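Contents: one structure, followed by commentary.
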Amino acid sequence: AHLLDSSAFGGSRDGWPELGPALSELVEADTIGYREAALRILKEMLATNPEVVQALAGDQLTRLLHICRADMCSHVRKESVLLFVAVLEHLPQKHWEELRALMPVMLGVMQQLEGHDEELRECLQAFVELVGSVPGIFQHSLDKVVPMMLVICRAKDRMLDSSRQMAFEFLVCLCEKRSRTCAKFPNFMHEVVQLCMDFMLEMDEEEDWQDDSSAGYKVDVSNYDVGEENIDRFAQALGPEAVLEHVFGCVRRFVNQESWKHRYVAIMTLSQCAETVQEEAHVDEIVSLLVNL
């Protein structure tokens, strides 16, 4: 795949016409490795020479994706999702229409990857990159992609933190790119504020959890850190006035819990939001909530 750049085709879209049929045959080969490799080659070619891919396999891409998304091997199904994302990232919008209809199908493929953590994480990372570069592609699929990402974020006992954090990153990036659309999506603000605070509850049980950053080694980003950072990012994207109503509601529930973690998260959430507060009434509400702790 690394050799298939513009020089390999002599600068022409018509070079190596046999390659398209050959890759199509590999996609339907009996050997799993062949099927996976064919998809990977097409994906990497898209990044270096999308016009050539369009010339060689453009009319076959949808068929190939349909075949591979139902493959018995999780690696092949993963590669079908990554190829789908690469097509949307690198081909002009005029080629999207037929592929856009595949979005619900590919979301279903990702749901089927539960239990295959590495494959799922790669797909989620690809979706994060896609929403960063082409956020409009999700405009007509919010009713499917947002609930799916929320489910992954909340799958504390079924999925690795890396996958959950990546799904959360998708929601934050989507909000940063399409804040008005997200603000209109039913219960979006309430769900993401609650999610931020729930992530913050997943702090380390050890007494020295706050001192990890000063240790002499690198540690993974904790769910607490992700939740705390994201509450600020949502406030910046949606506007503090829109977010605070939901923050206050969640904080009221948290302060009534006996757990010290709930109270600590309530305090830290208010502290995080206090930097963006402008209205005096909201300042008074924060003070009132802190007094009741």
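Remember, predicted model here, so these are calculated numbers, not experimental data.
Taking both residues in full, the closest heavy atoms of Val255 and Ala266 are given as CG1-CB, 3.9 Å, listed atom of the first, atom of the second, then distance. In terms of heavy-atom proximity, Leu124 sits nearest to Ser163 at CD1-O, 3.4 Å. In terms of heavy atoms, Cys250 sits closest to Gln194 at SG-OE1, 3.4 Å. Looking at every heavy atom in both residues, Arg40 comes nearest to Glu36 through NH2-OE2, 2.6 Å. Across Leu238 and Ser179, no two heavy atoms sit closer than the pair CD2-O, 3.6 Å. When all heavy atoms of Cys196 and Ile231 are compared, the pair lying nearest together is SG-N, 3.5 Å.
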| message | Test side chain to side chain contact (heavy atoms under 4.5 Å, CB included) on Leu160 and Leu120; report intermediate values, then the result. | response | CA-CA 10 Å; Leu160 295 179; Leu120 178 59; over 6 Å; no
| query | After noting the C-alpha distance and the side-chain angles of Gln257 and Arg253, does the key distance pass the side-chain hydrogen bond (donor to acceptor under 3.5 Å, both in side chains) rule? | reply | CA-CA 7 Å; Gln257 301 293 321; Arg253 291 194 297 274; over 6 Å; no
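Linking Ile, Leu, Val, Met, Phe, Trp and Tyr whenever their side-chain heavy atoms come within less than 4.5 Å puts Met200 and Met203 in one cluster. Connection of Ile41 to Val87 is established within a shared hydrophobic cluster, with ILVMFWY side chains joined at heavy-atom distances below 4.5 Å, either directly or through further cluster members.
Side chain of Asp71 to main chain of Ile67: no donor-acceptor pair is present (N/O by atom type, distance under 3.5 Å, no hydrogens or angles). Arg263 contributes no side-chain N or O that, together with a main-chain N or O of Phe254, makes up a donor-acceptor pair within less than 3.5 Å. In terms of modelled atom types and a separation under 3.5 Å, the side chain of Glu114 and the main chain of Arg158 share no donor-acceptor contact. Using modelled atom types, no side-chain atom of Thr31 and backbone atom of Gly33 make a donor-acceptor pair closer than 3.5 Å.
In this structure, His66 and Thr62 have side chains that are in contact, with non-hydrogen atoms separated by less than 4.5 Å. For the pair Leu195/Leu171, a side-chain contact is recorded, criterion being any heavy-atom separation below 4.5 Å from C-beta on.
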Side-chain donor-acceptor distances from residues 127-152 under 3.5 Å, at least two apart:
{"from": "Ser133", "atom 1": "OG", "to": "Glu129", "atom 2": "O", "distance (Å)": "3.1"}
{"from": "Ser133", "atom 1": "OG", "to": "Leu130", "atom 2": "O", "distance (Å)": "3.4"}

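Within 6.0 Å of atom CZ in Phe185, more than 12 heavy atoms from other residues, nucleotides or ligands are found, so the atom counts as buried in its surroundings.
Note that Arg164 lies in the cation-pi zone of Phe199, set by a 6.0 Å cut-off to the ring centre and a 45° limit from the axis.
Distance SG/Cys68 to CG/Leu82: 12.0 Å, rounded to 0.5 Å. To the nearest 0.5 angstrom, Tyr224 atom OH is 12.5 Å from Glu229 atom CD.
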